[in-house]
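Here the structure is laid out as structure tokens; the discussion comes afterwards.
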Amino acid sequence: MNELTHKQSQCILVSLRLEPVRGLHMIPASFEYSSPKTLSEAISLLETSGSDSKILAGGQSLIPVMKLRLGSPSRLIDINNIEGLNYIRESDGFLRIGALTRIVDLESSELLKKKYPIINDAASHIADPTVRNLGTAGGNVSHADPANDLPAAMLALSAEFVATSSGGSRVIKAKDFFVDAFTTALKHEEILTEIRIPQFTVGNGGAYLKLEKRVGDFAIAGVAAQISVTQGVTVAKAGIGLTAVGSSAIEAVEAEQYLIGQTLTAEAISTASKLAARASNPGTDLRGPGEYKREMIIVLTTRALKRAYLRATGGAA
Amino acid sequence: MATEQVIHGMGSPIKRKEDPMLIRGRGNYVDDIKLPGMLFLDFVRSPYAHARIKSINAEKAKALPGVVAVITGNDLKGLGLDWIPTLAGDKMMVLPTEKVVYQMQEVVGVVAEDRYIAADAVNLVEVEYEPLPVVTDPFKALEKGSTIIREDKGTNHIFHWEVGDKAATDQLFKEADVTVKQDLYYPRIHVSYMETCGCVADFNSVEGHLTLYMTTQAPHAVRTVAALVTKIPENKIRIVSPDIGGGFGGKVYVYPGYVVATVGSIVSGCPVKWINDRSDDQPSTAFGRDFHMRAELAAKKDGTILAVRIKTISDHGAFHGDANPTKFPVGLFSICTGSYDLKNAFAEVDAAYTNKPQGGITYRCSFRVTEAVYAIERMVDVLAHKIGMDPAELRMKNFIPKEKFPYRSALGWTYDSGNYRDALKKAMDKIGYADLRKEQEEKRKKGELMGIGVSSFTEIVGAGPSHDFDILGLKMFDSAEIRIHPTGKVIARFGTKSQGQGHATTYAQIIAEELGIPTDDITIEEGDTDTAPYGLGTYASRSTPVAGAAAAMASRKIRDKAKKIAAYLLEAREEDLAWERGRFYVKGSPDKGKTIQEIAFAAYTNHPPGVEAGLEAVDYYDPPNMTFPFGSYICVVDIDRATGEPKVRRFLAIDDCGNIINPLIVDGQIQGALAMGYGTAFMEEIKYDEEGNVFGGNFMDYLIPSAVETPKWETDKTITPSPHHPLGTKGVGESATVGSPAAFVNAVVDALAHAGVTHIDMPLNPWKIRKALEEKGLAIES
Amino acid sequence: MVNKMHIAVTVNGKDREADVEPRLLLVHFLRENLSLTGTHIGCDTSNCGACTVMLNGMTVKSCTVFAVQANGKKVTTVEGLANGAKLHPIQEGFWEKHGLQCGYCTPGMMMAAVALLQKNQNPTEEEIRRGISGNLCRCTGYVKIVEAIQYAAEKLKETQQQGMEVPAR
């Protein structure tokens, strides 16, 4: 798959109804192209080039959208030649991921494997290895596809997104970032430059599980769970994000709150999983009936919590 | 005598002759063809499944710089090309003049200087539609008062077909101790060859000559039909089928693009290329299956199966375009008695028009054998579970015994050869069937679900004998023309067309075997109607059974003539000569002989008086019977009780396709077809909603298996030669697409059968399995 | 009215320049402008991988990259794998092990395999299967493709042990 969603693929049908003609799948409409070398140059291009200009990062969602002519931006501002936006590091209490960090780098990062494996999990489920070579962390989240895999992980991790404009930078919390399908809190003149995640110490563990019809396909459903455990028993903090079961990635707030202070018994996990399912609002499509997807949120949350717990307590998996 | 290392005849697992070009990226597929001044054709397609066209406004498109022509249905009507015949004797729209009948149907053709301009122009054409009521359900289509899709027919009922003795079969059902009945839907699927359909049409107006480079599996038939339809004389039509990126049946058809590109070339005076995008191809070209079957078996208490009865509604889309032999509107579905010695059988099919694209028998199915085999192999399992007998044991009990071959089936086929028990026994021994059953029992006690699925299929391929088989009147022989050059090198041409099956290698091996000439010295050509002898093409696993036989027979004709020349050269009588591979020698004097190369040279330099010079032969092979490949497949699957996900743990295929030409290629054919069977069973489906919107019309939504989920196939063989084929071979290309879906489904159902699950329709999505688990109280929370 | 941009791309070691529309897809640039038709198009949704090439040493789907993005970069296509008459081990592997039938997915599949082997000299079967999961084949059922890649892995190791130059990149 690529990073288009099933929602979007259904859009093809919707647009079939809206447009007088069809038969366009491969050739994008014409556009102007700029390839700035600096962030400030990119921002000023964004400001001057009109509201239908778009940032081109990995392009692995944007270009398919343009080929289908579901989107026809008048200008692409290619940020791939801007240096300094591709990094994964811990500093000042945050794990920091540059917006232009490739999915392949998230997948293979030793730092992430050691401390934030939920991100490796999610990254390794995105499309296929070749798409992951170009796809970017920033693109995956700012495309805000409810079926993209990173947003749920970001919600579970309480990530923050740094949006940069000519006026400076502002920080948007993950829960405020994902507004709706393909809609984020980013303004047109802003570029997402960094994803940051509160730095973890021992006792933290997370996992992302995705149910898919074929490897790399859009999720039937996905669950990201991140917990911190004190003294190896009690949950001190919990984050649960859901993929492809609503119009955006969903944070299962009730389940998170319930878990705090709990010992992760089978009953507690089961209760939390059911609460997570209650937060979902899946529709029926080619990737399954809504009812099934909701059941799968229970299954996946249970399994993700178990794996997260194992990781938090230094176990295998 | 030349050694096997040099000859590489029958049975030699040599590397393919076609590969050196392909692995260097130097194949020549149709989109690689670039002619001077070539233009590009793209289509405006219908957003509606059924709608009247109120107006078409192409002015803006025509005004776009670089646009050369806009072609509508009315333009074609003037040429008598708005409708053309289908392979089934119906007719199909090329471009609509009044209404569209399925979503994504071609509506207007735009010819421009390149594909980018053509796409922009497509976007500028305005078509006004008036939506009409849509019929996508074939059952509803056949109801009284249903919206009529084809006014020219006045009904949505295409045909009723039946075979077998209904009364006698019904009687057996009445007398039976046990009967089982099951509705089986074989979903609508698409072959999804990796290369989409396309062509380059090049009309030379001075000579009135058309060259059409196209993705076709049957170039000669296309040429004849094109001549009849366009009135261009057949000697002035050249069809060239270059390298084909997979066909699997989907490239037997003639699609509107070929016709409109041709018209575009005539109109513009330039070559015109048309290449489908994937998202054009998937929802508009021929589908496979879409068969709603109600199948029943009648049996005795002890498991002796008496009869099978199947009633089917088949969904053909808006045009009846099945690429079937004329006398067989439902293909060879009457093979539905399978591998079993039944007393009687009855099958009937009613076919319906719906607002979907045409097709029916594409997708590696040997003319609807896939559906037939699926039905019988699924039903044997349904019966086994009902009477509490092991499915393998039930099969063993009912197999046609090997002593009964040639065997006349209840529905009239004469099976040429078979040894079904040995094939299944080999499969069971090799996979450890008894141990698997034990493991299954133990797992069930622990609450784990695994299933074992068996499928013992009988195929019917090699269409076909001319007394029964034709397409649009063209008899289904096939041909080989072999020429031996003076230096003993060979060029051979065929009426078939490889799409990856490796004909350049296997045909060379046949000739090498027959004439003792090394395969390296033999060049194979196909696909150019100006040079190749007439043949009906490659589909339905017919190349080896028919054209392969022609290669052997033509080689033997050459050998007969070579013998005359050898006798002359050796000053011996013909009857005193003996043949060893590659050489005639005088009986009793093995040193006195002439190699085929020496004979070839003499054929051009020193031919005997009274004998024509040259050394070549043509054979049009009319097979005396079909060939009946068979096999037994065993699939082991584990089920996740929480998600419903099935995981194929093992899959063993024992195939018998008679004598083998190239084991490497046969293995490749089987493994590839198994993967297609896997896709059918677990992933693939094209669906329509009530408005006729297509779901699964691109590679984002129509999932074909990747390397990750595709099982690691285990393959092995038995060899039971065909008694009537000159080489004892049978076809093999489709055995595994035919045989494997039932093995997958049987395995999944077997995992749940103890709880009373009798059937789940393909594709076996996890949610369908989960639902069955829930209904039987087997689902768990995580 | 068409705005064109000048690009310079090193393709299979050769410097190539052209004026192209920004919307020109890399795959069309290779196939149409440069007549390198070994790179194929199998779909329009970035799923099939038939168009896989190397861009600065990593695989990309050339139907999902604009030619202008390759400006100043290096592209390797299937035509750049062999060193003259000498086949790349991956090409040998596909030929030896019957890793191709119709040949349409083969160029992209081989590029994906080469990239995989550059990252991982000793891939397990599972790693090979995951490594080519963005490349669809409809003919082979994948078993022989896996064997072809295993063959190439062995060959590449031998080549390196002998201190010989590994072709292509």
Side-chain angles (χ1 to χ4, degrees), chain B residues 13 15-16 18-29 31-32 34 65 114-116 191-196 243-248 275 277-280 498-502 664-665 667-676 678 698-700 704-708 710 712-713 715 736, chain C residues 1-2 21 23-24 28 31-32 35-48 50 77-82 87-88 90-92 94-107 110 125-126 128-146:
Chain B
K15 292 192 287 184
R16 297 202 317 171
E18 38 274 269
D19 290 355
M21 290 295 274
L22 299 177
I23 55 176
R24 286 175 168 84
R26 291 184 58 191
N28 182 38
Y29 302 90
D31 199 11
D32 302 342
K34 207 176 188 178
D114 68 38
R115 63 184 88 206
Y116 282 68
V191 288
S192 301
Y193 29 56
M194 293 312 298
E195 177 208 33
T196 58
D243 286 333
I244 301 287
F248 315 113
I275 303 291
D277 291 341
R278 174 64 58 185
S279 306
D280 293 327
S498 178
Q499 313 120 42
Q501 293 92 334
L664 204 58
I665 288 178
D667 214 27
Q669 290 291 301
I670 291 165
Q671 291 177 357
L674 286 171
M676 287 189 140
Y678 178 89
N698 56 45
F699 267 8
M700 191 164 39
I704 65 173
S706 83
V708 173
T710 303
K712 185 176 184 177
W713 310 114
T715 53
Chain C
M1 73 172 234
V2 177
E21 274 192 87
R23 65 170 171 164
L24 183 71
H28 286 141
R31 290 180 50 81
E32 311 279 333
S35 294
L36 292 169
T37 53
T39 301
H40 298 147
I41 300 170
C43 77
D44 42 20
T45 47
S46 318
N47 295 93
C48 81
T77 69
V78 63
E79 290 92 342
L81 280 180
L87 292 176
H88 186 281
I90 196 69
Q91 292 170 310
E92 281 181 38
F94 270 73
W95 194 13
E96 286 287 338
K97 296 294 176 184
H98 188 29
L100 65 152
Q101 290 180 28
C102 82
Y104 201 77
C105 76
T106 311
M110 291 194 302
E125 175 170 349
E126 175 68 15
I128 291 173
R129 286 176 176 265
R130 294 213 167 258
I132 57 169
S133 66
N135 295 73
L136 300 175
C137 168
R138 198 60 161 160
C139 293
T140 64
Y142 298 107
V143 169
K144 292 186 189 300
I145 290 179
V146 171

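Below, chain A is the first sequence line, B the second, and so on; all start at residue 1.
- Using a 4.5 Å cut-off between heavy atoms, B:K34 contacts chain C through its side chain alone, with no backbone atom that close.
- Both the backbone and the side chain of B:P705 come within contact range of chain C, each with at least one heavy atom under 4.5 Å from a heavy atom of that chain.
- With rounding to the nearest 0.5 angstrom, the CG atom of B:D114 is 9.5 Å from the NE2 atom of C:H28.
- A heavy-atom distance below 4.5 Å is not found between the side chains of B:I665 and C:Q101.
- By the 4.5 Å heavy-atom criterion applied to side chains, B:D31 and C:H40 are not counted as neighbours.
- Neither the backbone nor the side chain of B:Y678 comes within contact range of chain C; no heavy atoms are under 4.5 Å apart.
- Looking at B:E18, there are no atoms closer than 4.5 Å to chain C (heavy atoms on both sides), in backbone or side chain.
- The minimum heavy-atom distance between C:Y104 and B:Y29, with the atom names listed, is N-OH, 3.4 Å.
- Only the backbone of C:T140 has a heavy atom closer than 4.5 Å to any heavy atom of chain B.
- Ranking C:M110, C:E79, C:R31 against chain B, the residue ahead of the rest is C:R31, based on heavy-atom pairs under 4.5 Å.
- For chain B, the option among C:G42, C:G103, C:G99 with the highest count of heavy-atom pairs below 4.5 Å is C:G42.
- Contact annotation: the side chain of C:L24 approaches that of B:Y116 to within less than 4.5 Å [non-hydrogen atoms, C-beta and beyond].
- Here B:R115 is the residue among B:R26, B:M21, B:R115 with the most heavy-atom pairs under 4.5 Å with chain C.
- Counted within 6.0 Å of NZ on B:K15, heavy atoms from surrounding residues, nucleotides or ligands total more than 12; the atom is thus considered enclosed.
- Between B:L22 and C:T106, the closest side-chain pair of non-hydrogen atoms is not below 4.5 Å.
- Between chain B and the residues C:E126, C:Q91, C:R130, C:R23, the most heavy-atom pairs under 4.5 angstrom are made by C:R23.
- Atom CD1 of C:I41 and atom CD of B:E195 lie 11.0 Å apart (nearest 0.5 Å).
- Remark: the backbone N or O of C:C102 is not paired with any side-chain donor or acceptor of B:Y193 at under 3.5 angstrom.
- Options B:T196, B:I704, B:L674 differ in how many heavy-atom pairs under 4.5 Å they form with chain C, and the most are formed by B:I704.
- Between the C:R138 side chain and the B:M194 main chain, no donor and acceptor come within less than 3.5 Å of each other.
- Of the two parts of B:D667, the backbone and the side chain both hold a non-hydrogen atom closer than 4.5 Å to a non-hydrogen atom of chain C.
- Counting heavy atoms from C-beta on, the side chains of B:R16 and C:L100 come closer than 4.5 Å.
- Using modelled atom types, no side-chain atom of B:Q671 and backbone atom of C:G141 make a donor-acceptor pair closer than 3.5 Å.
- Between chain C and the residues B:G25, B:S498, B:G246, the most heavy-atom pairs under 4.5 angstrom are made by B:G25.
- Looking at every heavy atom in both residues, C:C43 comes nearest to B:F699 through CB-CD2, 3.7 Å.
- Of the atoms belonging to C:E32, heavy atoms from both backbone and side chain fall under 4.5 Å from chain B.
- Side chains of C:L87 and B:R24 form a contact here, defined as non-hydrogen atoms less than 4.5 Å apart.
- When heavy atoms are compared at a cutoff of 4.5 Å, B:D243 does not approach chain C at all.
- A pairwise comparison of heavy atoms in C:V78 and B:I23 identifies CG2-O, 3.7 Å as the closest pair.
- No other option in B:A736, B:G668, B:P13 has as many heavy-atom pairs under 4.5 Å with chain C as B:G668.
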